[in-house]
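Read through the structure below, which is laid out as structure tokens, and then see the notes.
Keep in mind that the numbers below use all heavy atoms, side chains included, and drop hydrogens, waters and symmetry copies. Proteins come first, then strands; the chains are lettered A, B, ... in the order of their sequence lines, and each starts at number 1.
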Number of protein chains: 2
Amino acid sequence: MTEAPISTQDTPQPAARRRSPDTAERILDAAEEYFGRKGYAGTTLRDVADQVGIRIPSLYNHFPNKAALYSAVLERGISPVLALLSRSIQGDETEPTEAMDPKATVRAVMQWLALRPSLPRLIQYELLAGGEQLAPLLSDWLEPAMNQGLAMMETTPGVERWRSQEIPFLVMALFNIVIGHFTTSALTQSLSPTPPLSEEGIEAAAHLYGQLVEALLQDAPTSPRPY
Amino acid sequence: MTEAPISTQDTPQPAARRRSPDTAERILDAAEEYFGRKGYAGTTLRDVADQVGIRIPSLYNHFPNKAALYSAVLERGISPVLALLSRSIQGDETEPTEAMDPKATVRAVMQWLALRPSLPRLIQYELLAGGEQLAPLLSDWLEPAMNQGLAMMETTPGVERWRSQEIPFLVMALFNIVIGHFTTSALTQSLSPTPPLSEEGIEAAAHLYGQLVEALLQDAPTSPRPY
DNA sequence: ATTAGAAACTAACGCTAGTTAGTAAGAAAG
DNA sequence: CTTTCTTACTAACTAGCGTTAGTTTCTAAT
């Protein structure tokens, strides 16, 4: 197993190594890139091993099999995003129960994902596959986040415009905009003069999507509404 | 090839067949479902053949290889959507140059995709893979559609709210909302009491996304805007 | 210096992928 | 009825997949 030997317990480095000090991390990096680019079925262990610069069987010194490697990639990639969202929702933990700022949240997530563009693609692939590997990662997070988020949103101005059953669809619409910015960039490139994944494109998109949320949280002024 | 023999030319059915009259169509149906569910790499010819009820090599009587089958599925699936969009943009061809109704367009596309839920998933998979199979299908369509769309949009009230460089990102945001409704439904299901792919969910979403577009095409009334 | 353990390697396995060759059977054309 | 052509089939091949066994090499603790 992956447990550290009990032994002296004083040693700063728990286990012995050979060539490179952090092979497991480098494997995760390579796997994240390939799983995000080609999906699970489209990624071969040869792809990953070649990228790391080791032989295929050496992967098994760090992960028991391909599926476990995939799970590890998913968890390592998603955890920080969930933490980021939690912080944004519950107001940094030190300043609790303050009206959240959706605009700032969108911007922060966009900028985080821009640093790891494989991640949104990985998430999209995972959801297309049914999200069964994602569910256990979200199960502990989703319910409290939803509760806090809903409680917080009641104090956020503008939400009274929408009915409560519509909120999940609105949240997912925003989710799809942000994730989609990275997953459909191939198409965006043929429409927009600004490359969507360039620093300028990310900046413009973050700003735009922020405005978009803002626009959705305003009362409808002119147009008549049937109900 | 697939050309009909020239011969009598009166015969309603161009070629001879054996068991089932439209095997090629049934193969396309099965392939669309599997490619949409599992992606290209995740779909095996065994999957498709089993679903049709024939043996694997029989597939090669209708399509030269897996890649060609995939292309055929993509083309068959996407063409009607492009036609639908063209009609919506250029106002049904008989009533040209009329201000388009984005709300109605969103609704129409949503309802079309709801009948073929594999299709948006297929498109998402394709874009994740780089969209190289999609490009030739769009190349003849995209430029005239964009031109007409932009021309039409100048007469659509509300667009002056956004800068022209922002329009592609806004269009893609809407695209991502619609496509994402189907590709991220696994996640939506754990948030929304209404199943997103149920008839009720589609109806509610179509209405909501329509409202959303409407909201984006209105002037910002209260909140101050930096520039 | 010796030992123990981690982590790399080579070699090989079973399995399944996509694909091809060759054959049989049924429908359409003469 | 005979011929031709389409479309299904069985059998088989090659290549590549994920995985395991066994060996070597280097590091770190005794």
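- Classification of Glu33(A) and Arg116(A) as a salt-bridged pair fails, no side-chain N sitting under 4.0 Å from a carboxylate O.
- Donor-acceptor pairing under 3.5 Å is recorded for the side chains of Thr44(B) and Asp47(B).
- Closest to the Ile54(A) side chain, of the nucleotides dG18(D), dC9(D), dC9(C), is dC9(C).
- Using a 4.0 Å cut-off, some side-chain N or O of Arg46(B) falls inside it from OP1 or OP2 of dA17(C).
- Spacing between atom CG of Leu45(B) and atom P of dC15(C) amounts to 21 Å, rounded to whole angstrom units.
- Base engagement by Ile56(A) is indicated by at least one non-hydrogen atom pair under 4.0 Å involving a base atom.
- Rounded to an integer number of Å, the gap from CZ of Phe63(A) to C1' of dT19(D) is 16 Å.
- Straight-line distance from the NZ atom of Lys38(A) to the P atom of dC17(D): 11 Å, rounded to whole Å.
- Distances shown here put every side-chain N or O of Thr44(B) at or beyond 4.0 Å from the OP1 or OP2 atom of dT16(C).
- The side chain of His62(A) places an N or O atom within less than 4.0 Å of a non-bridging phosphate oxygen (OP1 or OP2) of dA8(C).
- With hydrogens and angles ignored, no donor-acceptor pair closer than 3.5 Å exists between the side chain of Asn61(A) and the base of dA6(C).
- A cation-pi arrangement is present between Lys66(B) and Tyr40(B) under the rule of less than 6.0 angstrom and at most 45 degrees off the ring axis.
- Tyr60(A) has its OH atom 16 Å from the C1' atom of dG22(D), to the nearest Å.
- Taking atom CG of Leu69(B) as the reference point, atom C1' of dG18(C) lies 12 Å away to the nearest angstrom.
- In this structure, CG of Leu59(A) is placed 17 Å from C1' of dA21(D), rounded to the nearest angstrom.
- Residue Gly36(A) comes nearest to Tyr125(A) through the heavy atom pair O-CE1, 3.4 Å, listed as atom of the first residue, atom of the second, then distance.
- The distance between atom CG of Asn65(B) and atom C1' of dG18(C), rounded to the nearest whole Å, is 9 Å.
- Straight-line distance from the CZ atom of Arg55(A) to the C1' atom of dT20(D): 18 Å, rounded to whole Å.
- Close to dA7(C), at under 4.0 Å from its OP1 or OP2, lies no side-chain N or O of Ser58(A).
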Validation: residues 69-82 of chain B side-chain donor-acceptor distances under 3.5 Å, sequence neighbours left out:
residue	atom	partner	partner atom	Å
Tyr70(B)	OH	Glu126(B)	OE1	2.6
Ser71(B)	OG	Ala67(B)	O	3.3
Ser71(B)	OG	Gln133(B)	OE1	2.9
Arg76(B)	NH1	Glu25(B)	OE1	3.1
Arg76(B)	NH1	Asp29(B)	OD1	3.0
Arg76(B)	NH2	Asp29(B)	OD1	2.9
Arg76(B)	NH2	Glu32(B)	OE1	3.2
Ser79(B)	OG	Glu75(B)	O	2.8

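- Of the side-chain N and O atoms in Thr23(A), one or more sit less than 4.0 angstrom from OP1 or OP2 of dA8(C).
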